Protein chains: 2
Amino acid sequence: MNLKSQVEWALHCCAILAGLPEGRYLSTKALAEFHGLPKEYLSKALQGLSQAGLVNTTLGPTGGYRLARMPAELTFLDIVEAVEGKSRTFICNDIRANNPCRPAGFCEEGPCAIARIMWEADEAWREKLRSVKLSDLVETLSKDIPRDLWKSSFEWVLDRAG
Amino acid sequence: MNLKSQVEWALHCCAILAGLPEGRYLSTKALAEFHGLPKEYLSKALQGLSQAGLVNTTLGPTGGYRLARMPAELTFLDIVEAVEGKSRTFICNDIRANNPCRPAGFCEEGPCAIARIMWEADEAWREKLRSVKLSDLVETLSKDIPRDLWKSSFEWVLDRAG
DNA sequence: GCACCACTACTCGGATAATAACTGTCCGAGTGTTGTTGG
DNA sequence: CCAACAACACTCGGACAGTTATTATCCGAGTAGTGGTGC
């Protein structure tokens, strides 16, 4: 069970979009080139973000994507769920219902104890992702990345932002 | 990204094995019949437990599986990792390395900031699973399941335990 | 010189194939039981 | 009656197909910019 690589791509793209000046858009082509990714497929990840309402889009020559909210209002969980879906990772098939000892009309109430525990772990994962905002990531990146590279990357993006 | 159903099966099977008297074994056939699962495939999940050293096996007519440790010494994480593998759910392909603005010989140090955050969430998930012991599950189940069903199931298992 | 208009080029979005992972099935190697035979 | 032995039946373990999800690709609908044209 691995998260799809789309999640990684979407997070990186959001980090870039967070640095975009107000009102400007960045195209899939530019994002794909910057990260060395297949343009056509990256597009699908961005579609996910768009459908979830996390980014706005515009068509035409200067079109592309931009964040729909401030980076402080966007959590990792928002982005991950937009791409990966909101369903739980553990699916309970209720196999306890197959117990041959069960009386005929017997009907268990409430979710299986095993499912409850697995779902709690799921929720812990989500809670962690919910606690990290996109603005936190940008702040961390600004410390990690050498000033020169940070600046030149910013200009590279600006040159291509419509 | 869903956990494989094998994880669910393994957890249920361990819950049953936890109630097995000392020194007795329960076969894949019995476990499969009890849960209404394909015997051949369930076998693969139990193989995972066996290879991880969580259960002991014996061959022959009265053979099968039994827990290798006390239920209080077995965590959910042990079982989940035995079936699902220990690798992280988020895989960092280090796409930041493709940044066209990077100097030629430049080499990033340390893992990507995005990967660090995703791995922390992973760890939160693992920590939750690590905190729940198999004995805890058995305790919960003994409260959830009606006494009659609990007892008849126990006898059903005992009849088939070698 | 300026406003209008048609065209172009570029964008996103959904529909369509290739690949990998999960699910399900089969058969062989090995072992404990059991029935038989001899003492 | 008891012990040794051989055949057997049942077990686990790894090797082999079928189905679903992920990855990758393509093409069409739509729009903002651009150049030309008429006033």
Side-chain angles (χ1 to χ4, degrees), chain A residues 1-10 13 17 23-33 35-66 68 80 82-85 87 89-91 93 95 160-162, chain B residues 1-10 13 17 23-33 35-66 68 80 82-85 87 89-91 93 95 160-162:
Chain A
M1 102 120 179
N2 295 331
L3 280 127
K4 32 181 111 160
S5 51
Q6 302 249 356
V7 172
E8 182 185 11
W9 302 356
C13 286
L17 292 179
R24 313 223 5 216
Y25 293 84
L26 195 60
S27 70
T28 304
K29 183 183 173 189
L31 287 166
E33 192 181 343
H35 293 113
L37 301 173
K39 173 171 80 77
E40 314 285 1
Y41 188 28
L42 172 62
S43 158
K44 246 193 101 184
L46 298 171
Q47 274 179 48
L49 298 177
S50 173
Q51 289 177 356
L54 272 49
V55 298
N56 296 129
T57 67
T58 308
L59 292 174
T62 57
Y65 296 88
R66 72 170 181 195
V80 171
V83 174
E84 190 66 50
S87 65
T89 62
F90 180 86
I91 299 169
N93 294 110
I95 62 175
R160 286 158 182 83
Chain B
M1 107 122 174
N2 295 330
L3 281 129
K4 33 181 109 158
S5 50
Q6 303 250 357
V7 173
E8 182 185 10
W9 302 356
C13 287
L17 292 179
R24 315 231 352 225
Y25 292 84
L26 194 60
S27 69
T28 305
K29 184 184 174 189
L31 286 166
E33 192 182 343
H35 294 113
L37 300 172
K39 174 171 80 78
E40 314 286 0
Y41 189 27
L42 173 62
S43 157
K44 247 191 101 184
L46 298 172
Q47 274 178 48
L49 297 177
S50 173
Q51 289 177 356
L54 272 48
V55 297
N56 296 129
T57 67
T58 310
L59 292 174
T62 58
Y65 296 89
R66 73 170 182 195
V80 170
V83 174
E84 189 66 51
S87 66
T89 61
F90 180 86
I91 299 168
N93 295 110
I95 62 175
R160 287 157 181 83

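Each chain gets a letter, A, B and so on, in the order its sequence line appears, and its residues count up from 1. In this text the structure is predicted, and so the values were computed from the model without any measurement.
Across the protein-nucleic acid pair, B:Asn2 atom CG and C:dC22 atom C1' stand 11 Å apart, rounded to whole Å. Between B:Met1 atom CE and C:dC22 atom C1' the separation is 16 Å, expressed in whole Å.
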Generate the contact string for nucleotides 29-34 of chain C. Rules: B means base contact, S means sugar-phosphate contact only, - means no protein heavy atom under 4.0 Å.
-BBBS-
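Looking at every heavy atom in both residues, A:Glu84 comes nearest to A:Leu3 through OE1-CD2, 3.7 Å. For the residue pair A:Ser87 and B:Asn2, the shortest heavy atom distance occurs at OG-OD1, 4.4 Å. Taking every heavy atom of both residues into account, B:Leu42 and B:Cys13 meet most closely at CD1-SG, 3.9 Å. Here the closest heavy-atom approach between residue B:Val83 and residue B:Gln6 is recorded as CG1-CB, 3.5 Å. In terms of heavy-atom proximity, A:Ala68 sits nearest to A:Asn56 at CA-OD1, 3.4 Å. Closest approach of B:Ala30 and B:Arg160 over heavy atoms only: CB-CB, 4.1 Å.
Between the A:Arg24 side chain and the A:Ala161 main chain, a donor and an acceptor come within less than 3.5 Å of each other.
Between A:Leu17 and A:Tyr65, the closest side-chain pair of non-hydrogen atoms falls below 4.5 Å.
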Start with the C-alpha gap between B:Leu31 and B:Leu26, add the side-chain angles, then the distance that decides, and say whether side-chain contact (heavy atoms from CB on, under 4.5 Å) holds.
CA-CA 7 Å; B:Leu31 286 166; B:Leu26 194 60; 3.7 Å; yes
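Contact footprint of chain A on DNA chain D: nucleotides with an atom under 4.0 Å from a non-hydrogen protein atom, first to last in 5' to 3' order, D:dT23 to D:dG33.
Distance check, rounded to the nearest 0.5 Å: OG1 of A:Thr57 to CD of A:Gln51 gives 10.5 Å.
Remark: B:Pro38, B:Glu40, B:Tyr41, B:Lys44 in residues 37-55 of chain B come within less than 4.0 Å of DNA chain C through at least one heavy atom.
Using a 4.0 Å heavy-atom criterion, one finds that B:Tyr25 contacts no nucleic acid atom at all.
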